[in-house]
Amino acid sequence: MIDGKKVLFSGMQATGNLTLGNYLGALKNWLTLSDEYECFYSVVDMHSITVRQDPAELRKRARNLLTLYIAAGLDPKKNCIYYQSHVSGHAELAWILNCFTYMGELNRMTQFKDKAAKHADNINAGLFTYPVLMAADILLYQADVVPVGIDQMQHLELTRNLAERFNNIYGNVFTIPEAYIGKVGAKIMSLQDPSKKMSKSDENPNGSIYLMDDPDTILRKCKRAVTDSEGCIRYCDEQPGLKNLIDIYSACTGKTPQETVQEFDGKGYGELKPAVAEAVIGVLKPLQEEYARLSKDKAYIDSVIKENAEKANYYATKTLRKVQRKVGFPDRIR
Ligand code: TYM
């Protein structure tokens with residue numbers, strides 16, 4: 001609790017171009033929850049270097065992502081928007097939690113297996129312990145709730161297990177966090193292969209709608225989206241491409257999938273696809289405009305970076321000192 005409010009933590013990697021999946025699965029929910037909770041939204045640049053990065057590019061992407069959080073509507077006066085690498089507590093707590101995490105637990109992480117297969121020439125220890133850093137992110141702020149897409153659920157379960165393990169040994173140190181998964185949009189699939197999630201790292205750019213795509217590109221990608229030969233609008237697992245388009249439309253318009261099916265009853269994919277594009281453009285256009293405006297305001301973004309890093313450091317240090325004391329590190333002499 002901070003000032004009588006429950007705490008929310010979430011983050012995104014500053015790697016690749018953000019997709020509509022990132023927006024609908026996470027960022028959109030951040031916006032709806034931000035009044036109710038004391039919120040920490042991190043640009044998790046330390047996670048990004050588990051895969052080799054170009055330094056100048058990473059720095060640029062990290063700043064762009066931080067700007068995008070604000071452009072999406074998160075007020076940095078109310079929400080703590082900051083770079084993970086500006087708060088050393090993340091790394092310090094991660095080290096301690098590493099000593100409470102079993103190799104077997106990390107071996108089971110599907111994201112590690114996927115990434116290790118993709119980057120076979122660089123299976124580094126950071127990639128393996130990535131979920132421990134993620135647990136540190138969340139536990140450092142005593143978060144009650146963590147809004148994420150479905151793909152992060154396994155990491156969240158590990159976080160809960162680590163928190164419980166630590167609390168069982170040392171007493172009530174950590175708040176046990178709950179995942180918050182949105183009703184629609186928690187797993188947006190590739191437009192080209194609806195068995196795969198829409199991903200920043202997809203080699204086929206037609207599979208993903210990027211947050212900075214222009215209207216023509218969005219329309220083209222939606223029209224080309226892989227569907228099936230059934231031809232009628234239903235919401236079922238047997239028509240995964242169609243289901244995905246219904247999810248996207250519903251998440252963008254605030255309708256339920258059932259309402260969307262009713263709206264398009266008797267119509268074909270030829271009518272649904274442009275309507276999906278229009279709904280997506282309606283969400284992304286204001287975001288892109290605000291992003292373009294904010295990107296030019298260097299002084300403002302710099303002030304957000306400075307002030308919010310101080311705020312994040314304050315709360316992070318509070319938890320860190322408590323944890324350090326519990327595990328037996330000597331007190332600091334003031
Ligand atoms: P990342 O950067 O891959 O994704 C950011 C958020 O977007 C969600 N997401 C999706 N949701 C729906 N459909 C999709 N196709 C889709 N693709 C991505 C993700 O679930 C995520 O919520 N490890 C995290 C970042 C992280 C984090 C944290 C998150 C680091 N520490 C602490 C929460 C709390 C990651 O790589 O997300």
Side-chain angles (χ1 to χ4, degrees), residues 7-30 33 39-51 58 61-62 65-66 68-69 72 82-85 87 90-91 93-94 97 109-112 114-115 118 126-127 129-160 162-163 177-202 207-211 240 243-244 247-248 250-252 312 316:
V7 177
L8 179 155
F9 182 94
S10 202
M12 284 197 196
Q13 287 204 61
T15 324
N17 286 325
L18 247 59
T19 71
L20 187 65
N22 296 124
Y23 183 82
L24 298 178
L27 199 48
K28 185 166 170 282
N29 296 326
W30 297 6
L33 296 169
C39 301
F40 293 84
Y41 295 116
S42 189
V43 171
V44 294
D45 47 358
M46 288 162 66
H47 277 101
S48 294
I49 65 160
T50 53
V51 171
L58 177 60
R61 284 186 190 279
L65 182 54
L66 187 131
L68 192 87
Y69 285 1
Y82 72 100
Y83 296 129
Q84 183 187 32
S85 63
V87 180
H90 288 257
L93 183 58
L97 293 177
M109 296 290 130
T110 53
Q111 188 169 303
F112 169 69
D114 291 348
K115 286 204 176 168
K118 239 185 193 164
L127 195 62
T129 59
Y130 175 115
V132 184
L133 179 58
M134 183 160 158
D137 300 340
I138 296 167
L139 301 180
L140 203 49
Y141 299 94
Q142 306 287 358
D144 296 276
V145 68
V146 183
V148 280
I150 285 176
D151 62 330
Q152 296 300 319
M153 271 309 278
Q154 200 186 22
H155 291 161
L156 215 67
E157 265 318 304
L158 177 76
T159 304
R160 288 166 56 87
L162 291 182
E178 299 273 352
Y180 177 96
I181 306 276
K183 284 198 184 68
V184 250
K187 193 164 188 193
I188 299 296
M189 311 309 279
S190 158
L191 297 180
Q192 289 299 310
D193 178 359
S195 67
K196 275 191 344 198
K197 74 164 183 175
M198 187 180 281
S199 161
K200 293 180 257 197
S201 55
D202 197 337
S208 304
I209 293 175
Y210 299 108
L211 297 190
K243 187 174 186 223
N244 192 37
D247 276 337
I248 294 174
S250 308
C252 289

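Counting starts at 1 for both ligands and their atoms, following the listed order. Residue numbers run from 1 in the order of the sequence given.
The shortest N or O to N or O distance between Asp137 and ligand 1 is under 3.5 Å. An N or O contact shorter than 3.5 Å is missing between Thr19 and ligand 1 by distance. At least one N or O atom of Met198 sits closer than 3.5 Å to an N or O atom of ligand 1. Looking at His155 next to ligand 1, no N or O pair under 3.5 Å apart turns up. The shortest N or O to N or O distance between Gly21 and ligand 1 is under 3.5 Å. Residue Lys197 places no N or O, backbone or side chain, under 3.5 Å from any N or O of ligand 1. Considering backbone and side-chain atoms together, Ile150 places no N or O closer than 3.5 Å to any N or O of ligand 1.
Within the set Tyr23, Phe9, Tyr130, the minimum heavy-atom distance to atom 35 (C) of ligand 1 is found for Tyr130. Looking at Thr15, Asn22, Leu139 and measuring to atom 9 (N) of ligand 1, the nearest heavy atom belongs to Asn22.
For ligand 1, the atoms sitting less than 4.0 Å from at least one non-hydrogen atom of Val44 are 25 (C), 30 (C), 31 (N), numbered in the order shown with element in parentheses. For ligand 1, the atoms sitting less than 4.0 Å from at least one non-hydrogen atom of Gly25 are 11 (N), 12 (C), numbered in the order shown with element in parentheses. Ligand 1 places these atoms under 4.0 Å from at least one heavy atom of Ile138: 32 (C), 34 (C). Atoms of ligand 1 lying under 4.0 Å from any heavy atom of Gln13, numbered from 1 in the order shown and given with element: 2 (O), 36 (O). Ligand-side atoms of ligand 1 in range of Lys187: 12 (C), 13 (N), range being under 4.0 angstrom from any heavy atom. Within ligand 1, counting atoms from 1 as listed, the ones closer than 4.0 Å to a heavy atom of Gly185 are 12 (C). Those atoms of ligand 1 with a heavy atom of Ala186 less than 4.0 angstrom away are 11 (N), 12 (C), 13 (N).
Taking each heavy atom of Gln154 and Thr110 in turn, the nearest pair found is OE1-N, 2.8 Å. Residue Ser199 comes nearest to Ser208 through the heavy atom pair O-OG, 3.2 Å, listed as atom of the first residue, atom of the second, then distance. Here the closest non-hydrogen pair linking Gln13 and Leu18 is O-CD1, 4.2 Å.
By the 4.5 Å heavy-atom criterion applied to side chains, Ser48 and Arg61 are not counted as neighbours. Here the side chains of Met198 and Leu191 are in contact, with some heavy-atom distance below 4.5 Å. Residues Leu58 and Ile49 meet the side-chain proximity criterion, which asks for heavy atoms closer than 4.5 Å.
Of the heavy atoms in Met12, both backbone and side-chain atoms come closer than 4.0 Å to ligand 1. When heavy-atom distances to ligand 1 are checked against a 4.0 Å cut-off, Leu27 has no atom that comes that close, whether in backbone or side chain. The proximity of Ser199 to ligand 1, defined as any non-hydrogen pair under 4.0 Å, does not occur for either the backbone or the side chain. Of the heavy atoms in Val146, only side-chain atoms (C-beta onward) come closer than 4.0 Å to ligand 1. At a heavy-atom distance under 4.0 Å, only side-chain atoms of His47, from C-beta outward, approach ligand 1. With a 4.0 Å heavy-atom cut-off, ligand 1 is reached by the backbone of Val148 and by its side chain too.
Ala26 CB, 3.7 Å is the protein heavy atom nearest to atom 6 (C) of ligand 1. Looking at atom 13 (N) of ligand 1, its nearest protein heavy atom turns out to be Ile188 N, 2.9 Å. Protein heavy atom closest to atom 29 (C) of ligand 1, with residue, atom name and distance, is Gly11 O, 3.4 Å. In terms of protein heavy atoms, atom 37 (O) of ligand 1 is closest to Gln152 NE2, 3.8 Å. Distance from atom 1 (P) of ligand 1 to its nearest protein heavy atom, with residue and atom name: Lys200 NZ, 3.9 Å. From the protein, the heavy atom lying nearest to atom 19 (C) of ligand 1 is Asp151 OD1, 3.3 Å.
Side-chain N or O atoms of Tyr69 include none that pairs as donor or acceptor with a backbone N or O of Tyr82 at under 3.5 Å. Using modelled atom types, no side-chain atom of Ser85 and backbone atom of Met46 make a donor-acceptor pair closer than 3.5 Å. Distance alone, capped at 3.5 Å, places no donor-acceptor pair between the Asp247 side chain and the Val184 backbone. Tyr41 contributes a side-chain N or O that, together with a main-chain N or O of Trp30, makes up a donor-acceptor pair within less than 3.5 Å. Side-chain atoms of Ser10 come within 3.5 Å of backbone N or O of Pro147 as a donor-acceptor pair. Listed for the Lys28 side chain is a donor-acceptor partner under 3.5 Å among the backbone atoms of Ala251. Asn17 contributes no side-chain N or O that, together with a main-chain N or O of Tyr210, makes up a donor-acceptor pair within less than 3.5 Å.
Note on ring orientation: taking the six-membered ring where Trp is involved, the planes of Phe9 and His90 are tilted (angle from 30° to 60°).
With no hydrogens or angles considered, a side-chain donor-acceptor pair links Gln84 and Asp137 at under 3.5 Å.
Taking CG from Asn29 and OH from Tyr180, the interatomic distance works out to 5.0 Å, rounded to the nearest 0.5 Å.
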